[in-house]
J.: 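Below: one structure in structure tokens.
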Number of protein chains: 2
Amino acid sequence: MASQAMEDYLLAIYRLEDLGRRPGTGEVAQELGVSAASTTAMFKRLAQEGLVSYREYGGVSLSERGRALALGLIRRHRLAERFLTDLLDLPWEGVHEIADRLEHALPPEVIERFAGLLGEPRTCPHGHPIPTRDGRLPYIEVRPLGSVEVGETAVVALVEERDAALLRHLGELGLKPGARVRVVEREPFDGSMRLECDGREILVSGRVAGAVAVHA
Amino acid sequence: MASQAMEDYLLAIYRLEDLGRRPGTGEVAQELGVSAASTTAMFKRLAQEGLVSYREYGGVSLSERGRALALGLIRRHRLAERFLTDLLDLPWEGVHEIADRLEHALPPEVIERFAGLLGEPRTCPHGHPIPTRDGRLPYIEVRPLGSVEVGETAVVALVEERDAALLRHLGELGLKPGARVRVVEREPFDGSMRLECDGREILVSGRVAGAVAVHA
DNA sequence: CTCGATTTTTAGTCGAGTCTAAAACCGAGT
DNA sequence: ACTCGGTTTTAGACTCGACTAAAAATCGAG
Ligand SMILES: [Mn+2]
Ligand SMILES: [Mn+2]
Ligand SMILES: [Mn+2]
Ligand SMILES: [Mn+2]
């Protein structure tokens, strides 16, 4: 019913809503790397299909149906990622991009088999929660790695998953969900830190630290 | 490089070439359930991309590149089917349709992992050979089930895979690749047969028998 | 409250892929 | 060699999704 393009817009809108705002044309356009004019056109199509409510010059918000569709897509995406890393043993920095295509092609039967085979996982390989079959998104309380004080210990909850090079670096450092880290030193000026993780000491810049969140 | 639509045309052309003819506009149109006008337009696009050679009013034939692309697609399709039945335990009558979408979305890394996990299978669940990584299609010599004489024993090689209802029926009868059958009785008029298969006697119509081939 | 900057929408174009209807072509049969 | 029937191509239209450039609306600073 919804085309691949429509699904990608719904996801972008969902992500922006999730950050608190009511997304406007410009934000969605930027998120998808598409022109503002294209976005206006798509907003109308989505509104026509009842997937968003759209006010001219006023942005969009997902309807119940639109949100349900977006959550289904996220479930497909994250279960696909899990499958690719856990069962196919593909590197965690590559699976996001693959899942971005598979999420549009995997039918429900396949997705639910994945869930079964993988033991109903609750998060994707990058730590983000997987929406349940009935469309609820489990909440995970996190805080920035940068907010952990010197001497404190914390457990990595999730990492930013869009930048493959960054992910590969995090993987080499051992900064994956579930890793226990202790802050050895922190530089308030630029946010860079020295951590103990997995027995060895590692150095992370403010930018890298900003891509990691720990359990609250 | 090649769109999903182009890939579907290439596959249709491949299948028709495989049957011996040089496919024309009408045949390809019918195979894909599309108008002849659309097919003419696509023939031009494919020729433009160097994937087929096209003569007006004279049909098409796959170029080296076109054939390689088609064989890659068939490899993806059949390995995906194997994966869906063997690892995900989905019914063999449903996987063809799912694979028809996945074949366009699965990247090489994933396909080769499938091949590894499944032990480099040589055929899809319906018995059709899987092209090798280097683009060769293993030849399997078969003959129609209908040509087996009364009293003879034969091993099912492959079955027609496009009709889901028929496939389900074949599955219930136990007529899957590898099954050993003995012909008990044969009605020359309409080709219907009585077979012994898996210890029990089954009755197959001429049409059903026509969907099954045995090893020569 | 107004003016200028920014954002959004509109207008117009494009390519891919589809359709229908009309024209052109080809090949057989007389 | 003509002609008729079927096939193929052309012509013209449509949808979806994208673009650029121009117009319109909104917002913020003075
Ligand atoms: Mn996507
Ligand atoms: Mn992820
Ligand atoms: Mn297909
Ligand atoms: Mn098959």
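A, B, ... follow the sequence lines: proteins, then strands. Residue 1 opens every chain. Quick note: numbers below take in every heavy atom, side chains included, and nothing from hydrogens, waters or symmetry partners.
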J.: Just the rounded figure in Å: distance from C1' of D:dA18 to OH of A:Tyr9.
T.: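 Answer to the nearest Å: 8 Å.
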J.: In whole angstrom, give the distance that lies between atom CD of B:Glu27 and atom C1' of D:dG6.
T.: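 Atom-to-atom, B:Glu27 to D:dG6, this comes out as 14 Å.
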J.: Could you check B:Thr25 against B:Thr39 for side-chain hydrogen bond (donor to acceptor under 3.5 Å, both in side chains), going step by step and ending with a plain yes or no?
T.: CA-CA 6 Å; B:Thr25 309; B:Thr39 302; over 6 Å; no
J.: Check the phosphate of D:dT7 against B:Thr25, side-chain N and O only, distance under 4.0 Å to OP1 or OP2. Yes or no?
T.: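 The answer is no; no side-chain N or O of B:Thr25 sits under 4.0 Å from OP1 or OP2.
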J.: Rounded to whole angstrom units, what separation is found between the CD atom of A:Glu56 and the P atom of D:dA24?
T.: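 Distance, rounded to whole Å: 14 Å.
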J.: Distance check needed: C:dG15 P versus B:Met42 CE, whole Å only.
T.: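 Nearest whole value for this atom pair: 16 Å.
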J.: In whole Å, I'd like the distance from the CG atom of B:Leu46 to the P atom of C:dA16.
T.: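 B:Leu46 atom CG is separated from C:dA16 atom P by 12 Å.
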J.: Can you label the angle between the A:Phe114 ring and the A:Phe83 ring as parallel, tilted or perpendicular, going by 30° and 60°?
T.: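 The rings of A:Phe114 and A:Phe83 lie parallel, inter-plane angle below 30°.
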J.: Figure out the CZ/P separation between B:Arg45 and D:dT9, and round it to whole Å.
T.: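 Taking CZ of B:Arg45 and P of D:dT9, I get 14 Å after rounding.
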J.: Is the distance from OP1 or OP2 of D:dT10 to the nearest side-chain N or O of B:Lys44 less than 4.0 Å?
T.: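 So the side-chain polar atoms of B:Lys44 do come within 4.0 Å of the phosphate oxygens OP1 or OP2 of D:dT10, strictly under.
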J.: Just checking A:Phe43: base, sugar-phosphate only, or nothing, at a heavy-atom cut-off of under 4.0 Å?
T.: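 Nothing, no nucleic acid heavy atom in range.
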J.: Before accepting this row, confirm whether a basic side-chain N of the pair A:Glu27/A:Arg22 lies closer than 4.0 Å to the acidic partner's carboxylate O.
T.: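 No salt bridge links A:Glu27 with A:Arg22.
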J.: OP1, OP2 of C:dG17 versus side-chain N and O of B:Ser38: anything below 4.0 Å?
T.: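 No.
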J.: Which part of the nucleic acid does A:Ala37 contact within heavy-atom distance under 4.0 Å: base, sugar-phosphate only, or nothing?
T.: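 The answer is base, as A:Ala37 lies within the cut-off (heavy atoms under 4.0 Å) of a base atom.
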J.: Without swapping roles, check the side chain of A:His169 against the backbone of A:Ala165 for a donor-acceptor pair under 3.5 Å.
T.: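 Checking the backbone N and O of A:Ala165 against the side chain of A:His169, no donor-acceptor pair under 3.5 Å is found.
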J.: Hey, is the side chain of B:Tyr57 poking within less than 4.0 Å of OP1 or OP2 on D:dG6, counting only N and O atoms?
T.: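 Looking at the OP1 and OP2 atoms of D:dG6, neither is under 4.0 Å from any side-chain N or O of B:Tyr57.
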J.: Closer than 4.0 Å, any side-chain N/O of A:Thr40 to the OP1 or OP2 of C:dT8?
T.: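 The answer is no; no side-chain N or O of A:Thr40 sits under 4.0 Å from OP1 or OP2.
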J.: Respond yes when some side-chain nitrogen or oxygen of B:Tyr54 is under 4.0 Å from OP1 or OP2 of D:dT9, and no when none is.
T.: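 So the side chain of B:Tyr54 is within the cut-off, an N or O lying under 4.0 Å from OP1 or OP2 of D:dT9.
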J.: Which is true for A:Ala36 with a 4.0 Å heavy-atom rule: it touches a base, it touches only sugar-phosphate, or it touches nothing?
T.: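 Since a base atom lies under 4.0 Å of A:Ala36, the category is base.
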J.: More than 12 foreign heavy atoms under 6.0 Å from CD of B:Glu187: is that the case here?
T.: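 More than 12 within 6.0 Å, yes.
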J.: Give the rounded distance in Å between these two atoms: CG of A:Leu32 and P of D:dG17.
T.: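 For the pair A:Leu32 CG and D:dG17 P, the rounded distance is 13 Å.
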J.: I need the CE-C1' distance between B:Met6 and C:dT18, as an integer number of Å.
T.: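 Value for this atom pair: 15 Å.
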J.: Tell me what B:Ser3 touches on the nucleic acid: a base, only sugar-phosphate, or nothing, going by heavy atoms under 4.0 Å.
T.: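 If one applies the 4.0 Å heavy-atom cut-off, B:Ser3 turns out to touch the sugar-phosphate alone, with no base involved.
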